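Encoded as structure tokens, the structure appears first; notes follow it.
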Amino acid sequence: MTLHVPTPLEPSQEPPQEPSHAEYSRDAKRVTAIGAWLDGILSAVKMVVGLLVGSAALIADGIHSLSDLATDGFVFAAIHYGRQGPDDDHHYGHGRIETLTTLLLGSVLIFVAGGIAWSSLDRLFSGTEINAPGLVAIGITLLALLSKEWIFRYTMRVAKRVQSKLLEANAWHSRSDALSTAVVVVALIGAQFGLGWLDAVAAVIVGLLVGKVGWDLLWDSARELVDTALPEDAQQQMHAVAESVPGVDSVHDLRTRQSAGWVMVDLHVVVGPKVSVSEAHEIGNEVSRRLRRAFPALTDVIFHIDPEDDAGEGDPSRLPGLPLRPEVEATLDARWYKHPVWRTLSELQLHYLNGKISVSLIVGDAIHQPPQCLASQLKALASDVEWLGNVEVLFITRATSNMSWR
């Protein structure tokens with residue numbers, strides 16, 4: 001028995017259809033309530049019949065159903081709080097509540113599994129005689145098996161519709177109960193034909209199955225809590241989608257994490273070094289839109305625009321910075337204030353590239369010198385400025401509103 005883990009994030013051409021909080025709560029609470037009633041009835045019936053016929057396996061299976069009932073309560077609480085939107089104290093929403101509940105559910109299962117296995121091994125080695133359970137006990141166990149399989153399928157359908165990993169975990173919890181009940185059926189049939197030791201062996205197997213499900217839930221939730229990234233192939237698919245956007249030169253530092261079945265991603269998008277801020281921002285918006293369309297599980301996309309590829313250079317906040325516009329203008333004014341280009345300046349553009357600041361000076365057409373000569377003069381006057389990169393002069397021809405580059 002292995003816990004079902006949702007397949008890696010796969011691209012889709014359909015826009016994401018996220019269920020509303022009201023729809024999620026209504027459907028999830030309905031299926032959980034039905035499952036809780038079923039678990040309560042089955043737990044009582046299994047344990048009573050197990051005591052009457054002396055079947056440790058059936059009693060253990062009843063305890064398993066009782067653990068299902070207990071975890072249904074956890075699921076109810078998580079359903080109520082886990083899909084609430086962001087607030088002042090939880091800026092990224094409450095999805096981790098579902099993750100913590102799944103972690104608790106797995107812990108309970110492991111504890112129950114240990115108790116079942118221990119008591120059953122003691123019963124097996126002590127040689128306790130087990131009587132034939134009778135056809136009634138076998139029939140009740142078969143009915144319980146069919147009931148748990150039905151609630152598994154029903155819960156899984158709802159979980160897929162409302163996109164809830166917690167409900168999927170609870171569905172597989174029900175499936176583990178169905179499988180353990182199937183083992184008990186085999187044990188009861190064996191005991192009916194004189195193979196009483198099968199009952200104790202079946203109880204041990206039930207304990208192991210319950211423990212395996214609990215461990216899988218713990219492992220999956222723990223990986224989510226420590227922000228384990230999506231599989232490498234899913235990240236490569238995201239890279240490809242982002243780089244397909246016109247205007248994107250490359251993508252780097254793409255990072256992913258998960259919360260309650262949803263996915264969050266942040267990435268650096270490299271665009272042309274001299275595109276406008278608004279154009280670069282819209283390119284980033286289009287990257288975000290295409291990622292959301294291609295990967296419906298995405299709930300949060302953060303992009304950072306880069307004018308050049310700085311992958312591997314580390315956090316820029318920890319590196320020495322370049323001066324900003326007020327300091328740049330003051331420094332250049334101290335060196336260029338007498339030059340006609342500076343006195344007739346219409347606009348000053350700054351480009352932070354390759355660890356330097358390149359400047360573009362946009363002036364009128366009154367200066368009768370080639371722009372290359374003017375740029376060389378300005379560069380020479382500021383030769384002592386370490387951070388100054390390329391200098392270019394752009395003429396605005398008023399008659400045609402055209403620019404002439406050096």
Side-chain angles (χ1 to χ4, degrees), residues 1 31-75 105 108-155 170-214:
M1 166 64 188
V31 69
T32 306
I34 294 173
W37 277 102
L38 185 60
D39 288 332
I41 294 172
L42 291 179
S43 174
V45 171
K46 288 177 182 178
M47 287 192 288
V48 169
V49 175
L51 288 171
L52 291 176
V53 301
S55 171
L58 193 53
I59 294 173
D61 203 33
I63 295 173
H64 189 183
S65 294
L66 187 61
S67 74
D68 287 354
L69 179 61
T71 54
D72 285 337
F74 301 147
V75 174
L105 189 152
V108 170
L109 282 178
I110 290 178
F111 178 79
V112 170
I116 292 173
W118 179 264
S119 62
S120 301
L121 286 172
D122 179 68
R123 183 182 178 92
L124 179 63
F125 292 125
S126 66
T128 303
E129 183 178 352
I130 300 175
N131 299 321
L135 296 179
V136 174
I138 295 175
I140 290 175
T141 309
L142 284 171
L143 182 60
L145 169 62
L146 295 175
S147 299
K148 292 302 293 186
E149 181 64 19
W150 172 81
I151 195 63
F152 159 75
R153 294 178 181 274
Y154 177 33
T155 305
N170 205 33
W172 282 100
H173 192 184
S174 298
R175 167 58 71 84
S176 73
D177 198 7
L179 292 177
S180 67
T181 302
V183 174
V184 172
V185 170
V186 174
L188 292 179
I189 294 175
Q192 185 69 24
F193 290 95
L195 302 176
W197 56 270
L198 278 177
D199 185 85
V201 172
V204 173
I205 294 175
V206 169
L208 293 176
L209 289 174
V210 175
K212 178 61 168 59
V213 172

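Because only heavy atoms are used, hydrogens play no part in the values below, and waters and symmetry mates are left out as well, while side chains stay in. In this text the structure is predicted, and so the values were computed from the model without any measurement.
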Test side chain to side chain contact (heavy atoms under 4.5 Å, CB included) on Ile34 and Trp150; report intermediate values, then the result.
CA-CA 11 Å; Ile34 294 173; Trp150 172 81; 4.0 Å; yes

Gly211 versus Ile110, closest heavy-atom pair with distance:
O-CG1, 4.0 Å

At their closest point, which heavy atom of Ala144 faces which heavy atom of Leu42, and how far apart are they?
CB-CD2, 3.7 Å

Closest non-hydrogen atom pair between Leu38 and Ser147, with its separation
CD2-O, 3.5 Å

Nearest atoms (heavy-atom pairs only) where Ile140 meets Val45
CG2-CG1, 3.4 Å

Would Thr141 and Lys46 count as a side chain to side chain contact (heavy atoms under 4.5 Å, CB included) here? Give the steps.
CA-CA 7 Å; Thr141 309; Lys46 288 177 182 178; over 6 Å; no

